[in-house]
Amino acid sequence: MHLIPGSRAPFSIELVSLAILLVLPCMLWSFYLVRAKKQYQSHKKIQIFLSIAILAVLVIFEVEIRLYGWRQYAEASPYIDRGLIPFLVFHVTIASIATVLWTWALVHALKNVSTPPKPGTYSEKHKKLGKAAGIFMLLTSITGWTFFILAFCL
């Protein structure tokens with residue numbers, strides 16, 4: 001059974017691909033709540049929930065990929081020997097940067113932002129980290145979906 005019709009991808013790759021699509025609008029909503037509505041507690045809850053959800057999906061993904069691999073599902077792709085692996089390395093690099101930035105923004109916010117959350121001396125740094133993490137999450141989504149389509153749908 002496939003989560004994405006027409007896909008040859010294993011379950012966890014489909015799951016992580018769908019999760020990243022859901023994360024982006026949730027991140028944007030969270031940014032809107034904090035910037036426009038000044039709902040700092042809602043922003044904090046959403047970011048913690050998204051972090052836990054993405055971590056769970058990534059653990060499932062990593063376990064399945066380590067146990068069963070992915071390449072055999074992509075062998076039918078006309079791109080398997082035409083740049084797919086270097087593109088995957090590029091995607092993983094972008095995703096790794098996004099993970100570091102998001103983790104850094106979350107951990108440092110939990111350490112440096114008051115409870116209940118409100119603007120303070122750390123706010124500017126947090127805003128910059130959050131913006132960078134958001135941009136890299138968008139790039140992760142774009143490169144991830146490009147890889148997914150090239151490897152598992154064509």
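Only this structure's heavy atoms are used, side chains among them; waters, hydrogens and symmetry mates stay out. Keep in mind it's a predicted model, so treat the numbers as computed, not measured.
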(message) Counting only heavy atoms from other residues, nucleotides and ligands, does the tally under 6.0 Å from OH of Tyr122 exceed 12?
(response) yes
(message) Test side-chain contact (heavy atoms from CB on, under 4.5 Å) on Gln47 and Phe31; report intermediate values, then the result.
(response) CA-CA 10 Å; Gln47 291 300 315; Phe31 294 161; 4.2 Å; yes
(request) Using the rule that two of Ile, Leu, Val, Met, Phe, Trp, Tyr join whenever any of their side-chain heavy atoms come within less than 4.5 Å, decide whether Leu55 and Leu129 are in one cluster. (result) no
(request) Output the distance between atom NE2 (His91) and atom CG (Leu84), rounded to the nearest 0.5 Å. (result) 11.0 Å
(request) Evaluate the side-chain proximity of Leu22 to Leu50: yes if any heavy-atom separation is below 4.5 Å, no if none is. (result) no
(message) Using 0.5 Å steps for rounding, measure from the CD1 atom of Ile46 to the CG atom of Leu33.
(response) 5.0 Å
(request) Give the cluster check for Phe90 versus Ile80: same hydrophobic cluster or not, with ILVMFWY residues linked at side-chain heavy-atom distances below 4.5 Å. (result) yes
(message) So does Met137 get a backbone contact from the side chain of Ser141, meaning a donor-acceptor N/O pair under 3.5 Å?
(response) no
(request) Give the cluster check for Leu138 versus Trp29: same hydrophobic cluster or not, with ILVMFWY residues linked at side-chain heavy-atom distances below 4.5 Å. (result) yes
(request) Verify the ring-centre separation between Phe147 and Trp70: is it less than 6.0 angstrom? (result) yes
(message) Taking side chain to side chain contact (heavy atoms under 4.5 Å, CB included) as the definition, give me every residue that meets it alongside Ile54, ordered by chain and number, with sequence neighbours left out.
(response) Ala19, Val23, Leu58, Trp102
(message) For Thr99 versus Thr103, what's the shortest heavy-atom pair and its separation?
(response) O-OG1, 2.7 Å
(message) Within the structure provided, determine whether Phe49 and Cys26 are in side-chain contact (heavy-atom separation under 4.5 Å).
(response) no
(request) For residues Gly69 and Pro10, report the shortest heavy-atom separation together with the two atoms involved. (result) O-CG, 4.4 Å
(request) Determine, for Lys128 against Glu124, whether the closest basic-nitrogen to carboxylate-oxygen distance falls under 4.0 angstrom. (result) no
(message) Under 4.5 Å between side-chain heavy atoms, counting indirect links through other Ile/Leu/Val/Met/Phe/Trp/Tyr residues: same cluster for Val16 and Leu3 or not?
(response) yes
(message) Is there a side-chain contact between Gln39 and Val34 in this structure, where contact means two heavy atoms from C-beta onward sitting under 4.5 Å apart?
(response) no
(message) Please give me the minimum heavy-atom distance between Ala95 and Thr140, naming the atom from each residue.
(response) CA-OG1, 3.4 Å
(message) With a 4.5 Å cut-off on side-chain heavy atoms, are Ile85 and Arg71 touching?
(response) yes
Distance-only donor-acceptor hits, side chain of residues 107-115, under 3.5 Å, sequence neighbours excluded:
| from | atom 1 | to | atom 2 | distance (Å) |
| --- | --- | --- | --- | --- |
| His108 | NE2 | Trp104 | NE1 | 3.0 |
| Asn112 | ND2 | His108 | O | 2.8 |
| Ser114 | OG | Pro116 | O | 3.0 |

(request) Answer yes or no: is there a side-chain heavy-atom contact under 4.5 Å between Arg35 and His43? (result) no
(message) Is there a continuous path of hydrophobic side-chain contacts, each under 4.5 Å between heavy atoms, that joins Ile20 to Ile135?
(response) yes
(request) Check Arg8 against Ser77 and note the closest heavy-atom contact, atom names and distance. (result) NH2-N, 3.6 Å
(request) Find the distance between CG (Leu88) and CG (Leu150) and round it off to the nearest 0.5 Å. (result) 11.0 Å
(message) Show the nearest heavy-atom pair for residues Ala9 and Phe152, with the distance to one decimal.
(response) CB-CG, 3.6 Å
(request) With side-chain contact (heavy atoms from CB on, under 4.5 Å) as the test, would you mind laying out the steps for Leu15 and Phe61 before giving the verdict? (result) CA-CA 8 Å; Leu15 181 64; Phe61 169 80; over 6 Å; no
(message) Between Phe148 and Glu14, is there a side-chain heavy-atom distance shorter than 4.5 Å?
(response) yes
(request) Applying side chain to side chain contact (heavy atoms under 4.5 Å, CB included) between Tyr40 and each of Lys37, Lys44, Lys38, report the one that passes. (result) Lys38
(message) Any non-hydrogen side-chain atom of Ser12 less than 4.5 Å from a side-chain atom of Glu62?
(response) no
(message) I need the minimum non-hydrogen distance between Gln41 and Pro117, along with the two atoms involved.
(response) OE1-CD, 2.8 Å
